[in-house]
There are 2 protein chains.
Amino acid sequence: MTTGSPGTQGGESLLFLTDEQLRKGIEAMFFAYRAFTADPDRILENYEYGRAHHRAIHFINRQPGLTVNTLLTMLGVTKQSLNRVLRTLVEDGLVEARVGRKDKRERNLFLTQKGAELERELSDAQRARMRSAYRAAGPAAVAGFRQVLEAMMDPEIRRHYQSIRDTSS
Amino acid sequence: MTTGSPGTQGGESLLFLTDEQLRKGIEAMFFAYRAFTADPDRILENYEYGRAHHRAIHFINRQPGLTVNTLLTMLGVTKQSLNRVLRTLVEDGLVEARVGRKDKRERNLFLTQKGAELERELSDAQRARMRSAYRAAGPAAVAGFRQVLEAMMDPEIRRHYQSIRDTSS
DNA sequence: ATTTTATGTCAGCTATGTTGACTTTCCAAG
DNA sequence: CTTGGAAAGTCAACATAGCTGACATAAAAT
């Protein structure tokens, strides 16, 4: 719809929209995502945590002080599922849940030093793979990569994604 | 390593390799992958199948006649895990497992008509999202997308990925 | 005062992964 | 021809992480 309907290719090839191309894209997503999670998964085996803990830690690090509800929206799971994860992280002293200043019903989530250390270990591994892929593909490819992924997201999530800015190093 | 170490940027900016850029890439992968699986997951709820069945069906469709072992490598799960999935698909008449002609220990896997119909329904949904994202981003972005994903894969899997060619429409 | 929201918790279920042990079939090398 | 090992299938037991449903508490909003 954006570039015109079939038959009205204004000079631009639409070969990249063939079923074969789309299927290759689907497979690329599957294989790449598996590799993408493999490194942190290996590290997490040494702890008593899983991928769900990693995700929670990631977003708490990225948006320190975010509420449980916000985290819920970003992770896209039920509160029961998140609660199980969050409870162990708080009990183990990796996450601190402070009662909200304005609204005391809310809990603002922060990583403790210990939590930040695990975050660092996990994200070092994940960023190393991402960096290597970025280097190999080059800046133009990276821009395209980000564009396609962003276009693939659900609109509500895309807004969340775009609103996240790093506050750590 | 490919484009030079920090300080020796031969005219090419390395800003795309900052931690912030890498973290945005990590988040993009997470959010996009979730959207990517959401449509087929919704369809699968109407059947007694899950995401694991979808993956098996996808690859059997893409490489009709592939052996159980090949499928195992591509899915990256244990034979016990795959067997549970494959058994229900065979019992329900979606997949046919023919004894190998040369090596009778092997099973060559094929979709039945019924299996092909489900594959079509699932992949229609998944391709629709992929097509929409490709259209929105454009052919240059798609090329970059594929390059980065490919660079992210583990080398052995990348070879499998590159060897897959479509035989269906 | 009542309703709604944010959070937490208990119980039970399902899907999908894991390891380990074992059997059957059958190719291929001695 | 026998034997070793590969391919496949199966059984059992378990872990993770998702789900629904029901219910409790505290605090904000109406």
Side-chain angles (χ1 to χ4, degrees), chain A residues 30 33-34 37-38 40-58 60 65-92 95-110, chain B residues 30 33-34 37-38 40-60 65-92 95-110 122:
Chain A
F30 172 65
Y33 193 80
R34 188 137 55 83
T37 54
D41 281 357
R42 254 189 300 276
I43 293 168
L44 288 160
E45 277 175 15
N46 306 324
Y47 301 85
E48 58 204 359
Y49 303 125
R51 208 178 282 183
H53 300 83
H54 179 195
R55 290 181 204 139
I57 287 173
H58 172 92
I60 296 172
L66 88 178
T67 65
V68 173
N69 233 347
T70 305
L71 185 53
L72 230 36
T73 306
M74 295 207 294
L75 294 176
V77 298
T78 59
K79 63 173 179 171
Q80 294 92 328
S81 197
L82 174 59
N83 193 258
R84 182 164 39 193
V85 164
L86 222 41
R87 201 190 322 162
T88 67
L89 290 175
V90 170
E91 279 171 2
D92 297 352
V95 167
E96 191 188 349
R98 295 186 206 148
V99 171
R101 281 185 311 156
K102 289 178 58 180
D103 189 333
K104 292 178 188 167
R105 288 171 305 182
E106 295 182 342
R107 297 287 181 278
N108 296 113
L109 304 171
F110 299 88
Chain B
F30 172 65
Y33 194 79
R34 188 138 53 84
T37 55
D41 281 357
R42 255 189 300 277
I43 293 169
L44 288 160
E45 277 174 16
N46 306 325
Y47 301 84
E48 59 204 1
Y49 303 126
R51 206 178 284 183
H53 299 84
H54 179 196
R55 290 182 204 137
I57 286 173
H58 172 91
F59 286 112
I60 296 172
L66 88 177
T67 64
V68 173
N69 232 351
T70 305
L71 185 53
L72 229 35
T73 305
M74 295 206 294
L75 295 177
V77 297
T78 59
K79 63 173 178 174
Q80 293 92 330
S81 195
L82 174 59
N83 192 257
R84 182 165 38 197
V85 164
L86 223 40
R87 202 190 321 162
T88 68
L89 290 174
V90 170
E91 280 170 3
D92 297 352
V95 167
E96 190 187 352
R98 293 187 207 148
V99 172
R101 281 186 311 156
K102 289 177 59 179
D103 186 334
K104 292 179 188 167
R105 288 170 304 180
E106 295 183 345
R107 297 290 179 277
N108 295 114
L109 303 170
F110 299 87
L122 292 170

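- In this model, the phosphate group of D:dG18 is not approached by any side-chain N or O of A:T78 to a distance below 4.0 Å at OP1 or OP2.
- Residues meeting the salt bridge (Lys or Arg N to Asp or Glu O under 4.0 Å) test with A:R51, sequence neighbours left out: A:D41.
- We find that CZ of A:R98 is positioned 18 Å from C1' of C:dT7, with the value rounded to whole Å.
- Residues that satisfy the salt bridge (Lys or Arg N to Asp or Glu O under 4.0 Å) test with A:R34, not counting sequence neighbours, are absent from this structure.
- Between B:F59 and A:F30, the two ring planes are tilted [angle within 30° to 60°].
- Going from atom CG of A:L44 over to atom C1' of D:dA15 covers 14 Å, rounded to whole Å.
- Judged by a 6.0 Å distance limit and a 45° cone about the ring axis, B:R98 is positioned over the six-membered ring of B:F110.
- Regarding A:E106, its CD atom lies at a distance of 14 Å from the C1' atom of C:dT4, rounded to whole Å.
- Using a 4.0 Å cutoff on non-hydrogen atoms, the parts of residues 49-57 of chain B near DNA chain C are B:G50, B:R51, B:A52, B:H53, B:R55, ordered by number.
- Classified by interplanar angle (parallel below 30°, tilted 30° to 60°, perpendicular above 60°), the ring pair B:H54/B:H58 is perpendicular.
- Regarding A:D41, its CG atom lies at a distance of 17 Å from the P atom of C:dT16, rounded to whole Å.
- For the pair B:L82 CG and D:dC11 P, the computed distance is 16 Å after rounding to whole Å.
- Contact record, A:N108 with A:G65: ND2-O, 2.6 Å, taken as the closest heavy-atom pair.
- Residue pairs meeting the side chain to side chain donor-acceptor pair (under 3.5 Å) criterion with at least one member in residues 68-80 of chain B, sequence neighbours excluded: B:T67-B:T70.
- With rounding to whole Å, A:L86 atom CG is found 7 Å from C:dG8 atom P.
- Within the 4.0 Å cut-off from OP1 or OP2 of C:dT16, not a single side-chain nitrogen or oxygen of B:S81 is found.
- Under the salt bridge (Lys or Arg N to Asp or Glu O under 4.0 Å) criterion, B:R42 pairs with B:D39, sequence neighbours left out.
- Per the geometry, CZ belonging to B:R84 stands 10 Å off P belonging to C:dA15, to the nearest Å.
- Each of A:V77 and B:N83 has a nearest nucleotide on DNA chain D; the 5'-most of these lies closest to B:N83.
- When each of C:dT9, D:dA7, C:dG17 is scored by its nearest atom to the side-chain atoms of A:R87, the top-ranked nucleotide is C:dT9.
- Of the candidate nucleotides C:dT7, D:dA8, C:dT18, D:dA8 has the atom nearest to the side chain of B:R107.
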Quick test: give all pairs of protein nitrogen or oxygen and nucleotides 22-29 of chain D nitrogen or oxygen below 3.5 Å, distance rounded to 0.1 Å.
{"from": "D:dA28", "atom 1": "OP1", "to": "A:K104", "atom 2": "N", "distance (Å)": "3.3"}

Could you walk me through whether B:E96 and B:L109 pass the side-chain contact (heavy atoms from CB on, under 4.5 Å) check? CA-CA 6 Å; B:E96 190 187 352; B:L109 303 170; over 6 Å; no
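- Note on B:N69: a side-chain N or O is less than 4.0 Å away from OP1 or OP2 of D:dA8.
- We find that CG of B:L72 is positioned 11 Å from P of C:dG17, with the value rounded to whole Å.
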